[in-house]
Each structure stands twice: as C-alpha cells, then as structure tokens.
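Data block below; observations after.
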Amino acid sequence: MRAAVRERYGVPTHVVELREIEKPTPGDDEVLVRVRAASANISDWYDVVGRPRVARFQTGLRKPKEPRLGTDYAGVVEAVGKDVTEFGPGDEVFGGRTGAYADYVVAKAERAIVHKPASASFEVAAAMPVAAITALQALRDKGGLQPGHNVVIHGASGGVGTYAVQIAKALGGDVTAVCSTPNVEIARSLGADEVVDYTLEDFTKGERRYDLLVDIAGTRSFRQLRRVLKPNATVVVVGGRRKNRLLGPLAHVVATMLAAVFASQKATFFIAKLTKGDMETIRELFEAGTLTSVIDSSYPLDQVADALAHMGAGHPRGKIVITV
C-alpha cells in the first residue's frame, strides 16, 4: 500500500515522501480500514519538522522513532479480527490512529474508532477527530463549561477554533469568537453570539467579562487576558506561537501558568486524548445538527507534503483534508 513517511526532521516538502509499504493485517481485536480521507493538524506539522525541540525526547532525538504520519481518518472497514463484533466489512467509520496518511490503517476496535454518521462525507468526518475532541475536552473537561457561561474562543477560525465555537454553543454557552476580518462571517455562521475582529478591536479591552477563555491563538499574555475574566474564571491554553524553536507553544503555556499562580483565575493546559467515548460524542453532535466541519482545502494523498506545508504556513480556515 501507499503510505506517507519521513525518516528525518525538516520542511515537509523536503522530507515527506509517499512509499510502497506492506499492507497491514488486523490482529484478533483489530479493524483494517481502507482510508478514504484524512486531515492535517498542527501536531502533524510539528511531528514532521521536529518542533518544539524538547519534544524530541519523546519522538526521537536525532530522527523520528515513528516514520508514519497522520492521525485523523475516515474510511470503510475491509476486514476485522476474530474477536471484533462491533464492526464488519463494509462499515463506514472514522477515528484516530498513527499512520492515517495511507491507503490502509489498522485500529484497535475498542479505541478511538466509531461508525461514521451516514450523512457525513468522508472528508467532513476525517476532519473531526483530533481538533473536535481537543475542543470538546477543553470546554467540557478542563473549562467546566456550564449553560449560561460566557465563553470566549481566542482563535476561532482554525481547526480547533471552528469546532470550539459550535461545541460551546451546544453545551449552552454564550459564545464570543475572536478572529480576523476574513473569518468573521464563518464564526457567525457557526453560531457565535458575538464576533470580535481582532484587526479592528482588542477584545482584552472590552467591557464583557468571561467565565471561560479558550486560548488557541496564544498571542496574548495572561496579564492581558485577565482584564476580561471574571474572578473565578478559567483559561484553557490550547496553542501558542511557534517562534521558540526549543519550546514552541510550550513557552506561552509555561508563561501563562506561572502568571496565574497568584491570581484568583485558573489557567490550565492539556493534550487531548482520543477516546471512543468522545468519538461517540462528536458523532452524536454531528447527527444532532450542532456540529460540522469547515474545510479550508483538500489535497490528494500524493500531495500530503504540500498539505502539511500549508498547515505550517499558518491560519488555515478550518481543516485541511487529504483525500485517498
């Protein structure tokens, strides 16, 4: 089968290549999926370029431990192991598994793989797993969002941000979206109660006060953010600037956490964990009509390096999809 791989860190168009590798065989508790679509996340770009450098202690100091790329996928089950009862050949599924930029992927049946909503295209479904679950866990688990809470999504037009606006509304929040001029109408169409164009207005100097702030953009200090927070508010840091080669967005995370130590507000950071339960929640939100994917652009599998370069260039509107 074809699979996107890289054996060294570097610019995607220099190090990522499509190779023929052995087609996997599912184990007793596994599902073999013929991939129809995948998607790019900023984490995929970080994996390719080897940033932040501190992460190489986990991913491989001199070269990547895992050559395969991609996590999000949607496709059709081709075969299942003898112990699998939930899925069968022909089932349309979506989920998250390392090595998704390929013709086939093998996933444990009890992990982050569920049936695809019948009305969702493979592209729309493949865009969801990492970004939508990050948004869900940021709002529900780390942010403790309750109906009636005022929540601001700082960086509302990217992959996580577009899902966060919709999920915050689904959970009963009063949502303010912060984005740039070209994305104002997108944020409104996703259900934001108020949209702030940061090129025209500094939301940290506004009159509104928030119970929860999801910081995806990572361009404001905690001192600035604190001006619009209620006394017991929570800041959930999801992203940050990439300029620091050693720490990357972790520099912003650390600065925010330290600044919040003596404040009445709380700052927290997390790395999303893909679970079957949360995949089911994402599917249910889509089926209820409260969640969809915003697709920025689509690339064929043989142009996956270009898709990752586009991701690294910054500011895609919604998700970048890879079709297989």
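Everything numeric in this text was worked out from a predicted model, so none of it was measured.
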Do the side chains of [X] and [Y] get close enough for a salt bridge, i.e. N-O under 4.0 angstrom?
X      : Y      : result
Glu7   : Arg19  : yes
Lys276 : Glu86  : yes
Asp296 : Lys319 : no
Lys169 : Asp193 : yes
Arg68  : Asp47  : no
Arg208 : Asp174 : yes
Glu30  : Arg97  : no

Donor-acceptor side-chain pairing of [X] and [Y] below 3.5 angstrom:
X      : Y      : result
Tyr73  : Ser39  : no
Tyr163 : Ser293 : yes
Ser180 : Thr199 : no
Asn41  : Tyr46  : no
Asp278 : Gln137 : yes

Task: Aromatic Phe122 / basic Lys116 pairing, under 6.0 angstrom, 45° off normal - done: yes

TODO: Identify whether NZ of Lys or CZ of Arg in Arg34 sits under 6.0 Å from the centre of the six-membered ring of Tyr104 and within 45° of that ring's axis.
DONE: yes

- [ ] Please say which of Asp202, Asp215, Thr256 ends up in a side chain to side chain donor-acceptor pair (under 3.5 Å) with Arg220.
- [x] Asp202

Open item on the list: Quick one, Val15 with Val48, criterion side chain to side chain contact (heavy atoms under 4.5 Å, CB included). Give me CA distance, side-chain angles, the key distance, then yes/no.
Closed with: CA-CA 8 Å; Val15 301; Val48 171; 3.7 Å; yes

Open item on the list: Could you go through Arg317 and Ser157, starting from their C-alpha distance and side-chain angles, then the distance that decides it, and tell me whether this counts as side chain to side chain donor-acceptor pair (under 3.5 Å)?
Closed with: CA-CA 6 Å; Arg317 298 183 192 179; Ser157 60; over 6 Å; no

Task: Ring centroid separation His115 to Phe87 under 6.0 Å - done: yes

Task: Distance flag, aromatic centroids of Phe203 and His154, threshold under 6.0 Å - done: yes

Open item on the list: Is there a side chain to side chain contact (heavy atoms under 4.5 Å, CB included) between Val294 and Leu190? Walk through the geometry before answering.
Closed with: CA-CA 9 Å; Val294 176; Leu190 296 175; 4.0 Å; yes

For atom [atom1] of [X], decide whether the heavy atoms of other residues, nucleotides or ligands shown that lie under 6.0 angstrom number more than 12.
X      : atom1 : value
Arg140 : CZ    : yes
Arg223 : CZ    : no
Leu200 : CG    : yes

Task: Heavy-atom closest pair, residues Ala102 and Met1 - done: CB-CE, 4.0 Å

Open item on the list: How close do Gly155 and Ile216 get, counting heavy atoms only, and between which atoms?
Closed with: O-CD1, 3.5 Å

Task: Single-linkage hydrophobic cluster, 4.5 Å side-chain cutoff, Met128 and Val93 together - done: no

Task: Any side-chain heavy-atom pair of Thr71 and Leu274 under 4.5 Å - done: yes

Open item on the list: Check the orientation of Tyr299 and His310. Use parallel for under 30°, tilted for 30 to 60°, and perpendicular for over 60°.
Closed with: perpendicular

